[in-house]
Amino acid sequence: MAFVSTGCPTFQQGGATAVLKRARGHRIATTRKLQGLPFGHYSGLTESGLAAGEVFSPNGTNREVIEVQVQLPLGIVLAEVSGGIYVAAVKPGGNVDLMSNGKVKVGDRIVGTSAAFGSATWPSLSLERVLMALKTRYKGEVTLKIERAGLAHDIYEPKVEGAADIAKSAIVLSDSTKSDLEVQVRNALRSFVELRSAGLSAIGTLTFLLQRSAELLKKYTKEKDRAISVNNLYGRLKRAGVPLDNKIYNLFMIAYINTKAPEKAISIFQEIGSPNTECYTSLVKAFRKLNRLDDVRATKSRMERNRVPLSVITYNTILSAYAQSGDVENVENLFREISARHLVPDAGSWNNRMNAHFKAHRGRARLERVRDFYKSMRLGNVAPNKFTFTILVSACVGCGELNLAENCLAEMVDGGVQPDTFIYNKVMEGYADHLKYESALTLLEKMNAGGDAPPNAYTYGQTIRACSAAGHEEIAHSLIDSMQSRGFQPSAHVYVNLLRAYAKRGNIVSSFRVVQEMQDAGFDPDVRTMSALMHACVESEDGALAVSVYSRMVQLRMNPDVVSYTTLIRAYGKRGDTEMALRAFNAMKKERIAPTVTTFNALIELAMRGGQTQLALEALREMNDTPGVTLNRRTYELLCNSNCFENCPRDYVWFLMDVLKALQESKMYGNGQLYCELLSACSLASDAVVAKTVLEHRRTGVFNISDKDQALARKAEERAAAISRSVAKLRSFV
């Protein structure tokens, strides 16, 4: 017995019962397929049937034959029973229902149809022949010869014998040219309810319903915003009393987790009678999504208590929960437990172990740990996957080891693992961080050449950042046009990066042009934009224009941030307006905006440029007392400015000694720049006493001289020693 549809049917009230009561028959020992309709509509070949089993062949007496002319598509379901073709359902509102005036009913036998060509009528010897005729005349008018029995018969639901026979195919005609899983599930569910209501077995229908529901759930799982759809499907199945097995429950849990509703997955688990390993694993995933580590531990204990075996996938899911928080100790314990339970760690196990150490360490230590695990993984004959290389490349990029990152990409391709856009973007970040704009452009060209890793908006953004930071803002600007031509809209951050590149060079005209382009793209200027414009003005030595931009920012009711205030202080410094610069600094503190080292450097630069050395020392002391602020090389460079003491080298020596004293008061070291500058100043002032003191300070650890300054320090010491000898000789003459 096989079901097919010549439309998109919906059972009439009692239709399922009628088709099962309109024939009487004798039992035959043959198996037939129950195809996927009337529980949905298809085009082409059906993807699966319902069941295979023994059926009853109908016979009847007092039969009458009528002819009906109907337009295609018909809107009926046909069932083949022991060589006879019967109407199994009539779609309300379909062509047969409307045009036959009720002459075609459920249980009627189709004994003839219009031939494929011409006006002749073919006998309905087989379902395939009927379908061939109907499909050939599709969209036309067809004649149906119908035989109606005077007695009712019984057709029973067949017994399910083997799942292997379920996937047989039959040709189907439908109102729609596309398969719609949601319609199939809805129709199957309606059929299931009607069969149950009639007190009939619905095993075949149930099999089809669960199969299509599983496919629909997998579809929802790939669509992130379908939690409501998943919820509706679950509610309909439960209200209809559909018995769900662990497989379906687990699919619902996975669908809820992937549609950002892990709480629903947890509630589903509570309804499962005897959850299996897969269901417990999904429960762990839900708790992991919610960052509920205590519940992850409790679930593992519950599995052990209930003697539910933990699979490698279960362990990997638990490992990933700990790895997210960098809990190395628990990750290592669980990893050892996998082998202790006679399971074999797979790539997922190793990846979680690597990821835990990646989260827990920084810099060189992170890279060394990740590489060690990668080597152990290869020695254990575990093939790395895309996630393995993503962790490895990220560690390399984080340490600035871009050559190693490139080697990883090459090894990845050699191993048959194709890099995706995400991993290429990670490398692109490294190029941008280290100003390797040429490498960034080469990688972008490679991604644009085709393949499985096309560039996205982030790729272009990082390439633009690389070019901008390397001082090639014109190339960066042209990339925005290229980006837009490929359908990507630059973000505000991309425009700001380009604006900062122009600002760094003091290119006011191009800076204002970028702001105009931002506005044309729908981005209103914000604090970052205005601060970058101020920076452009300062770098072009136009402090007045920078102050004007700041005033405009205030008019637009923008709240200045630390960058805005710092740039404003620099702008007043360009004008030599110390009073207004100090007002801006005090206003900043009043707004509870913490100054940075750049802010203090701006004050020191202003003071040293105006010869206000005491102000510079005050700024230095306040800087030392500010939490989270540490002197950088730029600070020492500004303080070691002999221009303020052109004709007074000895005063310069004492000023630098005051700087050293201020550092010592804060229990800080002088660096190599200050040490070399002090010795050089002593040489100019012929001050052997202070030079000797400075040399002694170095021996006692007052100075911390980096490798970068060692060579300069030796030369400064040689000059200081020469001065000391000259002074000693001069004193011997006296």
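This is a predicted model, so every value here is computed, not measured.
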Minimum heavy-atom separation for [X] and [Y], please, with both atom names.
| X | Y | result |
| --- | --- | --- |
| T567 | H535 | CG2-N, 3.6 Å |
| A286 | I266 | CB-CG1, 3.8 Å |
| C467 | A476 | CB-CB, 3.9 Å |
| S510 | E474 | OG-OE2, 4.5 Å |
| R226 | K219 | NH1-NZ, 4.1 Å |
| T421 | P454 | OG1-O, 2.8 Å |

Return yes if some donor-acceptor pair links the side-chain N/O of [X] with the main-chain N/O of [Y] below 3.5 Å, else return no.
| X | Y | value |
| --- | --- | --- |
| D526 | T529 | yes |
| S548 | A544 | no |
| R465 | V494 | no |
| N601 | I604 | no |
| S339 | R336 | no |
| N351 | A347 | yes |
| S282 | E278 | yes |
| N352 | N316 | yes |
| R634 | L631 | no |
| T299 | V284 | no |

What I'd like to find out is whether the side chain of [X] reaches to under 4.5 Å of the side chain of [Y], using heavy atoms alone.
| X | Y | result |
| --- | --- | --- |
| Y460 | R486 | yes |
| H434 | L402 | yes |
| F252 | Y220 | no |
| N232 | R236 | yes |

Hey, is [atom1] on [X] packed in by over 12 heavy atoms from elsewhere, all under 6.0 Å?
| X | atom1 | value |
| --- | --- | --- |
| I313 | CD1 | no |
| D520 | CG | yes |
| K446 | NZ | no |
| I228 | CD1 | no |
| E329 | CD | no |
| K386 | NZ | yes |

Verdict with reasoning, D295 to R288, per salt bridge (Lys or Arg N to Asp or Glu O under 4.0 Å) | CA-CA 9 Å; D295 289 315; R288 184 195 64 189; over 6 Å; no
[X]/[Y] ion pair, N-O < 4.0 Å:
| X | Y | result |
| --- | --- | --- |
| R500 | E473 | no |
| K218 | E215 | no |
| R369 | D372 | no |
| E541 | K574 | yes |
| E337 | K300 | yes |
| D561 | R528 | no |
| R570 | E539 | yes |

Once the angle between the rings of Y256 and Y234 is folded into 0 to 90°, is it parallel (under 30°), tilted (30 to 60°) or perpendicular (over 60°)?
->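 Rings of Y256 and Y234: perpendicular, over 60°.
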Centroid-to-centroid, F335 to W350, below 6.0 Å?
->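 Centroid distance F335-W350: below 6.0 Å, so yes.
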Taking the six-membered ring for Trp, are the ring centroids of Y458 and F488 within less than 6.0 Å of each other?
->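 Aromatic pair excluded; centres sit 6.0 Å or further apart.
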Quick one: is the NZ or CZ of R366 closer than 6.0 Å to the six-membered ring centre of F358, and within 45° of its axis?
->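 Positive - R366 is close enough to the ring of F358 and near enough to its axis.
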Is it the case that [X] and [Y] place a side-chain donor and acceptor less than 3.5 Å from each other?
| X | Y | result |
| --- | --- | --- |
| H477 | E517 | yes |
| N425 | N456 | yes |
| T442 | S439 | no |
| E332 | Y322 | no |

Check the pair Y572 / Y550 against side-chain contact (heavy atoms from CB on, under 4.5 Å), numbers first and verdict last.
-> CA-CA 11 Å; Y572 285 127; Y550 177 82; 5.8 Å; no
Carefully, step by step, assess K426 and T390 under the rule side-chain contact (heavy atoms from CB on, under 4.5 Å).
-> CA-CA 8 Å; K426 185 58 67 174; T390 300; 6.0 Å; no
Can you measure from [atom1] ([X]) to [atom2] ([Y]) and round to the nearest 0.5 angstrom?
| X | Y | atom1 | atom2 | result |
| --- | --- | --- | --- | --- |
| L217 | L181 | CG | CG | 10.0 Å |
| M253 | Y280 | CE | OH | 10.5 Å |
| Q184 | R212 | CD | CZ | 4.5 Å |
| L499 | S468 | CG | OG | 10.0 Å |
| S349 | I338 | OG | CD1 | 4.0 Å |

Hey, mind stepping through C396 and L367 against side-chain contact (heavy atoms from CB on, under 4.5 Å) and telling me if it holds?
-> CA-CA 6 Å; C396 293; L367 178 58; 3.7 Å; yes
Residues T314, T317; criterion side chain to side chain donor-acceptor pair (under 3.5 Å); working and verdict | CA-CA 5 Å; T314 311; T317 308; over 6 Å; no
Working for side chain to side chain donor-acceptor pair (under 3.5 Å), residues T598 and T566 = CA-CA 7 Å; T598 308; T566 300; over 6 Å; no
Chi angles and distances behind the side-chain contact (heavy atoms from CB on, under 4.5 Å) call for Y495, I480 = CA-CA 9 Å; Y495 281 113; I480 288 184; 4.0 Å; yes
In sequence, state the C-alpha distance, the side-chain angles, and the governing distance for R292 and E263, and then conclude on salt bridge (Lys or Arg N to Asp or Glu O under 4.0 Å).
-> CA-CA 11 Å; R292 290 164 56 173; E263 300 91 346; over 6 Å; no
From CA spacing to verdict: side chain to side chain donor-acceptor pair (under 3.5 Å), T221, N258 = CA-CA 6 Å; T221 298; N258 288 357; 4.7 Å; no
Could you go through the ring pair (Phe, Tyr, Trp, His ring centres under 6.0 Å) check for Y249 and F269 one step at a time?
-> CA-CA 8 Å; Y249 274 124; F269 182 85; 9.5 Å; no
